[in-house]
Number of protein chains: 2
Amino acid sequence: MVIDMNLSIESPLKRPDAPSIPQPSLRRLPQYHHYLVDLEAKGIGRVSCSTIGRDLNLVPIQVRKDLQYTGIIGKPKTGYSVTELILTIETFLGWNNVNEAFLVGAGNLGTALLGHERFSKFGLQIVAAFDSDPQKAGIWIHNKAVLPLDKLADLAQRMSIHLGIITAPAENAQTIADEMVKGGIQAIWNFAPVKLNVPAHIIVHNEDLYSSLASLSWKLARRFRVPIQEREAV
Amino acid sequence: MVIDMNLSIESPLKRPDAPSIPQPSLRRLPQYHHYLVDLEAKGIGRVSCSTIGRDLNLVPIQVRKDLQYTGIIGKPKTGYSVTELILTIETFLGWNNVNEAFLVGAGNLGTALLGHERFSKFGLQIVAAFDSDPQKAGIWIHNKAVLPLDKLADLAQRMSIHLGIITAPAENAQTIADEMVKGGIQAIWNFAPVKLNVPAHIIVHNEDLYSSLASLSWKLARRFRVPIQEREAV
DNA sequence: GTAGATTCAGTATATGGTTATCGATATGAA
DNA sequence: TTCATATCGATAACCATATACTGAATCTAC
Ligand SMILES: NC(=O)c1ccc[n+]([C@@H]2O[C@H](COP(=O)([O-])OP(=O)(O)OC[C@H]3O[C@@H](n4cnc5c(N)ncnc54)[C@H](O)[C@@H]3O)[C@@H](O)[C@H]2O)c1
Ligand SMILES: NC(=O)c1ccc[n+]([C@@H]2O[C@H](COP(=O)([O-])OP(=O)(O)OC[C@H]3O[C@@H](n4cnc5c(N)ncnc54)[C@H](O)[C@@H]3O)[C@@H](O)[C@H]2O)c1
């Protein structure tokens with residue numbers, strides 16, 4: 001199983017396919033992309049790592065390193081073509097090709113994701129939702145059909161869906177993952193805070209908001225608990 | 001500004017307060033917590049790093065390292081007391097104290113967060129929402145009042161709110177952050193995919209779903225693009 | 001056209017986090 | 001009690017990533 005929990009919980013037991021780009025760099029690319037799209041909208045044609053670094057609070061060298069992984073080549077003194085750079089990043093990330101996805105768990109979070117049209121700009125197309133709640137099966141949310149869960153495996157197979165999104169309660173996530181695997185889904189974006197047991201070839205990407213919350217609340221707690229001078233010294 | 005973008009975009013220009021615990025370890029703690037709560041519910045009283053590692057797909061040594069940061073002390077041969085460990089993690093993360101928060105942007109994502117009661121288990125209490133849309137100001141979402149944005153600064157000050165959550169469109173995020181700072185808010189959980197400019201002492205934690213999506217779609221793209229043998233070799 | 005400044009690419013070093021090793025200690029069986 | 005085993009805590013080695021350095025390329029200004 002290719003686990004990647006927010007960069008931090010990649011299974012150290014086995015690393016079958018070490019990435020050709022560091023995870024941190026990979027995760028910075030969308031930042032650059034967003035920034036570059038802004039630049040392009042402003043009519044700016046070329047940009048250097050120094051400029052990007054200044055605007056995004058990163059050291060220029062790191063920016064250059066990150067961009068190098070995408071294969072872009074820049075010109076000394078002038079930097080990179082903004083348009084070319086955007087395209088290179090999009091190609092590198094596979095944002096030019098559409099990934100059709102099924103979402104399971106049409107609750108609070110699921111509804112939010114279903115309603116997020118911008119995902120389509122980044123190659124993500126949620127084509128249908130599934131829910132075990134009979135009240136929800138049959139309704140439409142943000143123009144997407146909500147179907148009963150037992151239809152998933154068959155449909156995924158017939159529609160060649162490769163990506164599954166889990167936004168159901170943690171206790172049901174494993175069952176849902178099993179169903180997805182049965183349907184031939186290759187990758188799972190898991191918003192439930194549990195470790196999924198899936199076959200080795202399945203890509204699992206855990207999106208754990210509690211991890212973030214932990215980081216945030218720790219910092220906040222430290223701020224109000226620890227005296228200033230001690231905080232600086234740590 | 002203490003920037004932490006998903007572990008990966010911490011500003012390298014200045015590191016005023018290096019953490020006494022590595023970010024990855026910090027982000028793993030909620031995992032352990034979740035797992036331990038399960039164990040406790042099953043009536044299991046003691047647990048070792050080996051067991052945790054086996055169940056969570058981590059090497060035991062890493063588990064031990066992570067737990068050591070919290071200050072817990074275990075007993076050789078038997079491991080740690082589950083209850084004590086849970087309490088230690090909660091205390092370490094500040095989950096015992098309540099963080100009251102304001103949320104700005106009562107749209108898709110904002111509504112999902114407002115409806116997530118489990119946050120209260122982890123010390124996060126969203127007490128009110130704000131929205132610039134006059135249609136939304138005045139209504140209630142998940143039992144939380146939605147107020148006009150211009151009330152934020154004053155209310156934050158009077159209620160001593162220290163945490164702000166931004167779930168508004170990217171283009172308005174900066175304005176909202178400014179307003180939060182004006183209201184004396186100390187930390188911002190930012191779901192909009194932009195870099196915020198705030199004073200140095202403000203903690204900013206960016207939650208960038210697009211980063212995750214990038215990581216996921218890159219892996220997926222690579223899987224379908226790159227031949228197997230090449231993939232293994234990288 | 002040349003000097004100087006800037007930035008790129010490639011290589012090297014430093015840092016921080018992960019993994020391994022070692023001795024110490026608690027438990028349970030002989 | 002004594003021995004075998006599992007696990008802890010601390011220290012050390014290792015690896016991935018971040019940062020620094022070097023030389024070449026390009027532009028601007030004179
Ligand atoms: N909402 C948030 O802000 C938030 C924050 C952090 C984490 N999460 C996580 O996201 C997940 C979903 O959260 P939510 O707030 O949307 O919950 P929710 O209760 O609003 O929605 C869950 C949905 O999943 C459906 N469901 C339950 N079991 C199912 C099954 N076996 N198959 C298909 N559908 C099933 C339910 O009918 C419901 O519609 C949870 O795991 C939660 O921990 C949510
Ligand atoms: N919904 C998702 O699944 C998702 C996924 C990834 C990222 N995001 C990000 O989260 C943010 C919100 O997304 P969303 O889907 O909830 O958008 P949304 O359009 O549904 O909601 C945005 C809300 O913010 C309000 N708003 C706009 N300007 C405001 C201002 N100046 N002050 C206060 N409120 C204001 C709007 O009235 C609206 O209610 C965006 O930045 C988006 O990029 C959302």
Side-chain angles (χ1 to χ4, degrees), chain A residues 3-15 17-29 31 45-82 84-85 88 215 234, chain B residues 3-15 17-29 31 45-82 84-85 88 215 234:
Chain A
I3 272 211
D4 169 22
M5 176 164 286
N6 270 335
L7 307 197
S8 42
I9 303 223
E10 177 128 7
S11 166
L13 296 173
K14 48 195 153 59
R15 298 232 173 116
D17 52 349
S20 57
I21 173 176
Q23 282 280 335
S25 298
L26 185 51
R27 294 179 63 96
R28 276 188 292 268
L29 290 180
Q31 285 269 119
R46 299 194 68 83
V47 68
S48 74
C49 293
S50 334
T51 312
I52 299 177
R54 175 172 45 73
D55 291 345
L56 257 41
N57 248 325
L58 298 163
V59 286
I61 296 162
Q62 186 167 48
V63 178
R64 190 171 306 124
K65 274 275 135 141
D66 290 341
L67 298 184
Q68 272 178 25
Y69 290 115
T70 67
I72 186 94
I73 46 171
K75 263 205 273 191
K77 184 76 176 179
T78 56
Y80 307 87
S81 151
V82 172
E84 190 191 346
L85 192 43
T88 306
S215 175
V234 169
Chain B
I3 273 210
D4 168 22
M5 174 163 288
N6 270 333
L7 308 195
S8 44
I9 301 222
E10 178 126 7
S11 166
L13 297 173
K14 45 197 156 60
R15 299 234 174 114
D17 51 348
S20 56
I21 173 177
Q23 281 280 334
S25 296
L26 185 51
R27 293 179 63 94
R28 275 188 293 269
L29 290 180
Q31 285 268 118
R46 298 193 70 83
V47 69
S48 74
C49 292
S50 333
T51 311
I52 299 177
R54 175 171 46 72
D55 292 344
L56 257 39
N57 246 325
L58 297 164
V59 286
I61 296 161
Q62 185 167 51
V63 178
R64 190 170 309 126
K65 242 19 308 251
D66 291 341
L67 298 184
Q68 273 178 20
Y69 290 115
T70 68
I72 186 95
I73 46 170
K75 264 205 271 189
K77 182 78 175 184
T78 57
Y80 306 88
S81 150
V82 172
E84 190 191 347
L85 192 42
T88 306
S215 175
V234 168

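Predicted model, so just to flag it, every value in this text is computed and none were measured. Reminder, nothing fancy here: chain letters follow the sequence lines and each chain counts from 1.
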Heavy-atom closest pair (A/Cys49 atom, A/Leu67 atom, distance to 0.1 Å) is SG-CD1, 4.3 Å

Residue B/Ser25, side-chain heavy atoms: nucleotide from D/dC8, D/dA18, C/dT18 that is nearest: C/dT18

Check step by step if side-chain contact (heavy atoms from CB on, under 4.5 Å) holds for A/Lys65 and A/Ser25. CA-CA 8 Å; A/Lys65 274 275 135 141; A/Ser25 298; 5.9 Å; no

Least distance between heavy atoms, B/Ser20 atom then B/Tyr69 atom: O-CD2, 3.7 Å

A/Gln62 CD to D/dT17 P, in whole Å, measures 12 Å

Mind calculating the distance between CD1 (B/Ile72) and P (D/dA10) to the nearest angstrom? 13 Å

At under 4.0 Å between heavy atoms, which parts of nucleotides 24-30 of chain C does protein reach? Answer with one letter per nucleotide, 5' to 3': B base, S sugar-phosphate only, - none. -BBB---

Separation of A/Asp66 atom CG from D/dA18 atom C1', in whole Å? 10 Å

Minimal heavy-atom distance between B/Gly79 and B/Arg46, with the atoms involved, is O-NH2, 2.9 Å

What's the spacing between B/Arg64 CZ and B/Ser50 OG if we round to 0.5 Å? 6.5 Å

Nearest-Å distance, OH (B/Tyr80) to C1' (D/dA6)? 13 Å

Can you tell me the distance, in whole Å, between the CD1 atom of A/Ile21 and the P atom of D/dA16? 15 Å

Go through it in stages, so that I can follow the logic: the residues are A/Leu56 and A/Val63, the test is side-chain contact (heavy atoms from CB on, under 4.5 Å), and I'd like the CA-CA distance, side-chain angles, deciding distance and then a yes or no. CA-CA 9 Å; A/Leu56 257 41; A/Val63 178; over 6 Å; no

Value rounded to 0.5 Å, distance of OG1 in A/Thr70 from CG in A/Leu85: 6.5 Å

Enumerate the protein-to-nucleotides 10-13 of chain C contacts in which both atoms are nitrogen or oxygen and the separation is below 3.5 Å.
| from | atom 1 | to | atom 2 | distance (Å) |
| --- | --- | --- | --- | --- |
| C/dT11 | O4 | A/Lys65 | NZ | 2.7 |

Report the distance from atom CD1 of B/Ile52 to atom OH of B/Tyr80, rounding to the nearest 0.5 Å. 7.5 Å

Under the side-chain contact (heavy atoms from CB on, under 4.5 Å) criterion, do B/Leu58 and B/Gln31 qualify, and how do the steps go? CA-CA 11 Å; B/Leu58 297 164; B/Gln31 285 268 118; 5.6 Å; no

Can you check the B/Leu67 CG to C/dT18 P distance for me, whole Å? 13 Å

Taking atom P of D/dT17 as reference, at what distance in whole Å does atom CZ of A/Arg28 sit? 10 Å

When the distance from CZ of A/Arg27 to C1' of D/dA16 is rounded to whole Å, what number comes out? 17 Å

